[in-house]
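Given the structure is predicted, the values throughout are model-derived calculations rather than measurements. No hydrogens, no waters, no symmetry mates; every other heavy atom, side chains included, goes into these values.
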Amino acid sequence: MGSTRPVKVIAVTGGKGGVGKTNVSVNMSLALGEMGHRVVLMDADLGLANVDVLLGVKAKRNITDVLSGECGLKDLLIEVDTNVRIVPAASGTQAMTSLSVHEHSELIHAFSEIADDLDILVIDTAAGISEAVVSFVKAAQDVVVVVCDEPTSITDAYALMKLLNRDYKMTRFRVLANMVRSEQEGRNMYNKLLTVTDRFLDVTLQYLGSIPYDEAVRKGVKQQRAVLKAFPQSKAALAYKQLATKVDSWPVSSSPRGHLEFFVERLVTGA
């Protein structure tokens with residue numbers, strides 16, 4: 001593998017479905033693209049492809065074609081906006097940790113193809129805490145945990161962090177409150193999570209802020225367009241731009257951990 005440039009790898013997860021994780025992944029990626037970053041958004045929901053549906057694009061190929069050696073990752077990428085490309089999901093693909101040795105090498109080679117052509121890799125994980133979700137999250141440098149104002153959302157986010165902390169010694173998570181009615185509601189959600197993690201886990205949480213509940217998001221989904229593009233002056237779109245500014249300020253490690261090779265190695269070896 002030949003990449004020498006650091007790449008920021010961000011996993012967006014939530015522990016449960018319905019928290020708006022894919023909307024967050026898509027709009028954050030587009031906002032980062034608008035800032036001039038070269039972004040690749042990977043739909044890692046291996047059972048239910050959501051990203052391409054949300055953006056109204058039809059994928060002819062998916063990651064299984066890369067693993068079988070039929071095409072390279074570059075052939076698979078779909079440009080959805082200036083600076084932003086997506087890797088479509090492959091429905092029913094086995095967990096990355098259970099790939100064959102040949103598939104491992106194909107995946108590593110595939111990512112090496114694009115390593116020098118991107119600044120940020122955003123991974124939209126599936127819902128839940130399956131092996132596939134865990135493998136993507138623990139391989140990423142930064143983890144954004146999306147929560148919404150439902151008791152199960154807080155419980156499931158806690159369960160995910162507990163698993164990652166206990167079994168993989170992960171200690172740092174960033175929390176984003178989604179679909180909030182007020183800034184205070186978002187802060188309250190974060191505080192609820194902080195109360196239990198402080199008591200029972202050895203982790204550090206950082207509050208990323210909140211995305212307001214906005215009818216424009218639902219309208220965008222119906223149009224198969226991201227709210228950032230369909231309604232750029234909406235409350236949600238402006239909040240996503242603020243979120244991207246925060247993400248932009250995160251440091252990128254210049255150590256091996258900051259390189260795409262490290263992410264892929266960790267992903268396929270389960271290290």
Side-chain angles (χ1 to χ4, degrees), residues 8 10-43 45 48-58 78-86 88-89 119-125 127 142 144-150 153-154 157 174-190 193 206-250:
K8 206 176 275 187
I10 304 162
V12 180
T13 191
K16 78 178 288 287
V19 295
K21 186 177 46 53
T22 300
N23 259 309
V24 169
S25 300
V26 166
N27 286 286
M28 182 176 79
S29 297
L30 291 168
L32 287 164
E34 284 185 356
M35 294 174 76
H37 296 293
R38 295 170 302 169
V39 182
V40 169
L41 169 58
M42 181 176 186
D43 189 345
D45 190 338
L48 295 163
N50 286 324
V51 169
D52 51 350
V53 173
L54 198 62
L55 289 166
V57 296
K58 281 193 168 59
I78 301 172
E79 189 165 334
V80 293
D81 199 52
T82 306
N83 296 325
V84 182
R85 294 168 295 168
I86 65 166
D119 307 308
I120 301 171
L121 175 65
V122 177
I123 301 151
D124 180 36
T125 73
D142 291 287
V144 175
V145 180
V146 182
V147 293
C148 67
D149 192 23
E150 291 178 19
S153 170
I154 301 296
R174 305 179 191 270
V175 178
L176 178 71
N178 193 25
M179 299 181 285
V180 303
R181 300 286 178 176
S182 67
E183 282 186 29
Q184 190 56 49
E185 183 180 84
R187 179 63 70 172
N188 290 347
M189 275 188 252
Y190 170 72
L193 203 47
Q206 183 201 1
Y207 184 51
L208 273 183
S210 60
I211 306 295
Y213 176 81
D214 191 341
E215 276 296 316
V217 175
R218 194 174 59 80
K219 287 178 187 168
V221 170
K222 278 190 167 179
Q223 295 176 18
Q224 290 189 294
R225 294 178 69 204
V227 71
L228 193 85
K229 296 296 175 182
F231 305 99
Q233 294 306 311
S234 64
K235 289 183 297 181
L238 297 175
Y240 279 121
K241 287 174 185 174
Q242 283 186 325
L243 173 64
T245 303
K246 289 177 185 173
V247 172
D248 184 44
S249 71
W250 298 348

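Taken from CZ in R218 to NZ in K222, the straight-line distance is 5.0 Å, to the nearest 0.5 Å. Interatomic distance, I78 CD1 to R85 CZ, rounded to the nearest 0.5 Å: 12.0 Å. Note that CG of L238 is 10.0 Å distant from CD1 of I211, once rounded to the nearest 0.5 Å. Taken from CD in Q206 to CH2 in W250, the straight-line distance is 7.0 Å, to the nearest 0.5 Å. Note: K229 NZ to N27 CG = 9.5 Å, rounded to the nearest 0.5 Å. Taken to the nearest 0.5 Å, the CG atom of L54 stands 8.0 Å off from the CD atom of Q224.
Residues I86 and D43 form no side-chain contact, since every pair of their non-hydrogen atoms from C-beta on lies 4.5 Å or further apart. Side-chain atoms of D119 and K8, non-hydrogen and from C-beta on, never get closer than 4.5 Å to each other. Side-chain contact check for M179 versus E185: every heavy-atom pair is 4.5 Å or farther apart. Side-chain contact between E215 and F231 is absent, with no heavy atoms from C-beta onward closer than 4.5 Å. At least one side-chain heavy atom of V221 sits less than 4.5 Å from a side-chain heavy atom of N23. With a 4.5 Å cut-off on side-chain heavy atoms, V51 and S25 do not count as touching. Side-chain contact between V180 and D149 is absent, with no heavy atoms from C-beta onward closer than 4.5 Å. Side-chain contact between L193 and M189 is absent, with no heavy atoms from C-beta onward closer than 4.5 Å.
Distance alone, capped at 3.5 Å, places no donor-acceptor pair between the T13 side chain and the T125 backbone. At least one donor-acceptor pair under 3.5 Å links the side chain of Y207 to the backbone N or O of R187. In this structure a side-chain-to-backbone donor-acceptor pair under 3.5 Å is present from N178 to V19.
Considering all non-hydrogen atoms of both residues, G209 and L176 come closest at O-CD1, 3.4 Å. Closest heavy-atom contact between G33 and V39: N-CG2, 3.9 Å. Between P212 and A236, the shortest heavy-atom contact is CG-N, 4.0 Å. Considering all non-hydrogen atoms of both residues, V84 and L30 come closest at CG2-CA, 4.1 Å. Taking every heavy atom of both residues into account, L121 and M42 meet most closely at CD1-CB, 4.3 Å. In plain terms, the two heavy atoms of V147 and A157 that are nearest each other are CG1-CB, 3.7 Å.
Here D142 pairs with R174 in a salt bridge; the nearest charged N to carboxylate O distance falls below 4.0 Å.
Heavy-atom contacts from other residues, nucleotides or ligands closer than 6.0 Å to NZ of K219 number 12 or fewer. Counting heavy-atom neighbours within 6.0 Å of E183 CD, excluding the residue itself, gives a total of 12 or less.
Here the options are R38, M28, H37, M35, the test is side-chain contact (heavy atoms from CB on, under 4.5 Å), and the partner is I120; only H37 passes.
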